[in-house]
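Bear in mind that the values here come from a model prediction, so they are computed numbers and not experimental data. A note on names: the letters A, B, ... follow the listed sequences, proteins ahead of strands, and every chain is numbered from 1.
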Protein chains: 2
Amino acid sequence: MEGNPVTQTTPGMTRNTRQRGEVLALLTETDDFRTPQQLHSTLRERGAKVGLTTVYRTLQVLVDAGQVDTMRLPSGEQLYRRCSRTHHHHLVCRDCGSTVEVEGPAVEKWADKIAAEHGYADVSHTLEIFGTCPECARR
Amino acid sequence: MEGNPVTQTTPGMTRNTRQRGEVLALLTETDDFRTPQQLHSTLRERGAKVGLTTVYRTLQVLVDAGQVDTMRLPSGEQLYRRCSRTHHHHLVCRDCGSTVEVEGPAVEKWADKIAAEHGYADVSHTLEIFGTCPECARR
DNA sequence: CTGCGTGCAAATAGTTTGCAGTTCA
DNA sequence: TGAACTGCAAACTATTTGCACGCAG
């Protein structure tokens, strides 16, 4: 299960390198949002030699390619996560960072309607819900 | 109209200084979100001698006191604005930064419901809508 | 008076960029 | 081969902190 070569044809990436494979692999195996710094130190711990710069650059490429989702905590930390392509939002635990993907068609429509009413064009929005998950609340 | 002394009794502020008055005044006269840096340079332009550090610290105090609203652009810039106390969201122009306050009781309820369904406690959320306002679209 | 507030300069923290060397296709 | 990628170090930006002084109450 390990020595599997990196052969992921990821749109937007012209070249497949070991480093990108490592980053992508790590993103794939976890479900939660991570900071570039966290990803980098995890990679180092497991022995993967990847520079912090490369992590940043790879994440940028992945975001551009639509392979990775990015969001920001109220505190300002930038987070990344491999994520389904469809538009959705997140319910994030303040403590442990675990996330649940949620969809709200009604909210999307509401946002578009509000924007239209005020004559705003080219509309997008951000929406995240924060709370304490059952696991963390128990403690 | 100028020499008016600073006498704003702002809850959470133990002391009323000229600098805090200037920041508060500036926040009061504009409707749009501003970065600490913008606020600072505007103050300097108009001759008010206020240190950048003080702007940051004052904004923090105001946020704690609930006098000022803060949000973050997708790009990561932190923005502040004097704002009504009721919970609401914003429709923000990507170009000129002008904002419209919007309310969405349905959205609030939806967010709380979703969180409750997943057992999340102590829920809050962030929601901002971005677009190009009619003014900017015209150009 | 007394200590909260101020502001400079220095420290931080996260992220980006320049550039020489490396590697994939 | 050669363009794309890598990674170190240095540069940058936004924000915070240490500390001596000033001013409000």
Side-chain angles (χ1 to χ4, degrees), chain A residues 4-26 33-45 47-65 67-68 70-80 97, chain B residues 3-27 33-45 47-65 67-68 70-80 97:
Chain A
N4 199 15
V6 178
T7 319
Q8 313 219 26
T9 308
T10 316
M13 270 191 201
T14 58
R15 215 179 268 189
N16 265 326
T17 64
R18 176 185 56 77
Q19 290 89 334
R20 288 186 172 183
E22 308 260 30
V23 173
L24 210 42
L26 178 54
F33 278 95
R34 290 296 170 69
T35 64
Q37 314 262 352
Q38 284 176 320
L39 293 168
H40 177 242
S41 64
T42 302
L43 287 172
R44 307 214 101 189
E45 278 166 29
K49 302 289 195 327
V50 183
L52 178 58
T53 310
T54 300
V55 173
Y56 275 104
R57 281 193 281 227
T58 301
L59 288 171
Q60 193 48 61
V61 170
L62 290 170
V63 168
D64 291 346
Q67 297 294 304
V68 161
T70 181
M71 68 162 282
R72 204 177 284 266
L73 292 180
S75 63
E77 297 177 279
Q78 182 89 49
L79 304 173
Y80 296 85
Chain B
N4 201 18
V6 178
T7 319
Q8 314 221 24
T9 307
T10 317
M13 270 191 200
T14 58
R15 217 176 264 189
N16 265 325
T17 63
R18 178 186 54 78
Q19 290 88 335
R20 289 186 171 183
E22 308 259 30
V23 173
L24 212 41
L26 179 53
L27 283 169
F33 279 96
R34 289 296 172 70
T35 65
Q37 312 263 353
Q38 285 177 320
L39 292 168
H40 177 244
S41 64
T42 302
L43 286 173
R44 308 216 101 190
E45 279 167 28
K49 301 291 194 326
V50 183
L52 178 57
T53 311
T54 299
V55 173
Y56 275 104
R57 283 194 281 228
T58 300
L59 288 171
Q60 192 49 61
V61 169
L62 290 170
V63 168
D64 291 347
Q67 297 293 304
V68 161
T70 179
M71 67 163 282
R72 204 179 282 270
L73 292 180
S75 64
E77 297 176 277
Q78 182 89 50
L79 304 174
Y80 296 85

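How far CZ of Arg57(B) is from CD of Gln19(B): 11.0 Å, rounded to the nearest 0.5 Å. Thr58(A) OG1 to Gln67(A) CD: the interatomic distance, rounded to the nearest 0.5 Å, is 12.5 Å. Gln78(B) contributes atom CD, which lies 9.0 Å from atom OH of Tyr56(B) (distance to the nearest 0.5 angstrom). The distance from the CG atom of Leu43(A) to the CG atom of Leu26(A) is 5.0 Å, given to the nearest 0.5 Å.
Closest to the Arg15(A) side chain, of the nucleotides dA25(C), dT17(D), dT6(D), is dA25(C). Closest to the side chain of Asn16(B), from the set dG25(D), dT6(C), dT15(C), is dG25(D). Closest approach to the Thr53(A) side chain among dC8(D), dA25(C), dT15(D) is made by dC8(D) (side chain taken as heavy atoms from C-beta onward).
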* To do: Evaluate the criterion side-chain contact (heavy atoms from CB on, under 4.5 Å) for residue pair Thr17(A) and Thr54(A); output intermediate values, then yes/no.
  => CA-CA 11 Å; Thr17(A) 64; Thr54(A) 300; over 6 Å; no
* To do: Let me see the working for Asn16(B) and Arg18(B) under side-chain contact (heavy atoms from CB on, under 4.5 Å), right down to the final yes or no.
  => CA-CA 7 Å; Asn16(B) 265 325; Arg18(B) 178 186 54 78; over 6 Å; no
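Overall, the helix from dC1(C)-dG25(D) to dA25(C)-dT1(D) carries an axis bend of 30° between its ends, with five pairs at each end and the value rounded to 10°.
For Thr70(B) (side chain) and Leu79(B) (main-chain N/O), a donor-acceptor pair under 3.5 Å exists by modelled atom type. Although no hydrogens or angles enter the test, the distance criterion places no donor-acceptor pair under 3.5 Å between the side chain of His40(B) and the main chain of Gly51(B).
OP1 or OP2 of dT16(C) has not a single side-chain nitrogen or oxygen of Gln60(A) nearer than 4.0 Å. The phosphate of dA24(D) has neither OP1 nor OP2 within less than 4.0 Å of any side-chain N or O from Arg18(B). Within the 4.0 Å cut-off from OP1 or OP2 of dG5(C), not a single side-chain nitrogen or oxygen of Arg57(B) is found. The side chain of Thr54(A) places an N or O atom within less than 4.0 Å of a non-bridging phosphate oxygen (OP1 or OP2) of dG7(D). The shortest distance between the side-chain N/O atoms of Tyr56(A) and the OP1/OP2 oxygens of dT16(C) is not below 4.0 Å. Taking 4.0 angstrom as the limit, Thr17(B) places a side-chain polar atom (N or O) nearer than this to OP1 or OP2 of dT6(C).
Rounded to whole Å, atom C1' of dT13(D) lies 15 Å from atom CG of Leu73(B). Remark: P of dG5(C) and CG of Leu24(B) are 14 Å apart, rounded to the nearest angstrom. Distance Lys49(B) NZ to dG22(D) C1': 16 Å, rounded to the nearest Å. Atom C1' of nucleotide dT6(C) and atom NE2 of His40(B) are separated by 12 Å, given to the nearest angstrom. Leu52(A) has its CG atom 18 Å from the P atom of dC5(D), to the nearest Å. Counting to the nearest Å, the P atom of dT15(C) and the CG atom of Leu59(A) are 10 Å from each other. One can place CG of Leu79(B) at 9 Å from P of dT15(D), the figure rounded to the nearest angstrom. Taking atom CD on Gln19(A) and atom C1' on dC8(D), their separation rounds to 14 Å, with Å as the unit.
Nucleic acid contact for Gln78(B): sugar-phosphate only, since backbone atoms but no base atoms lie under 4.0 Å from a heavy atom of the residue.
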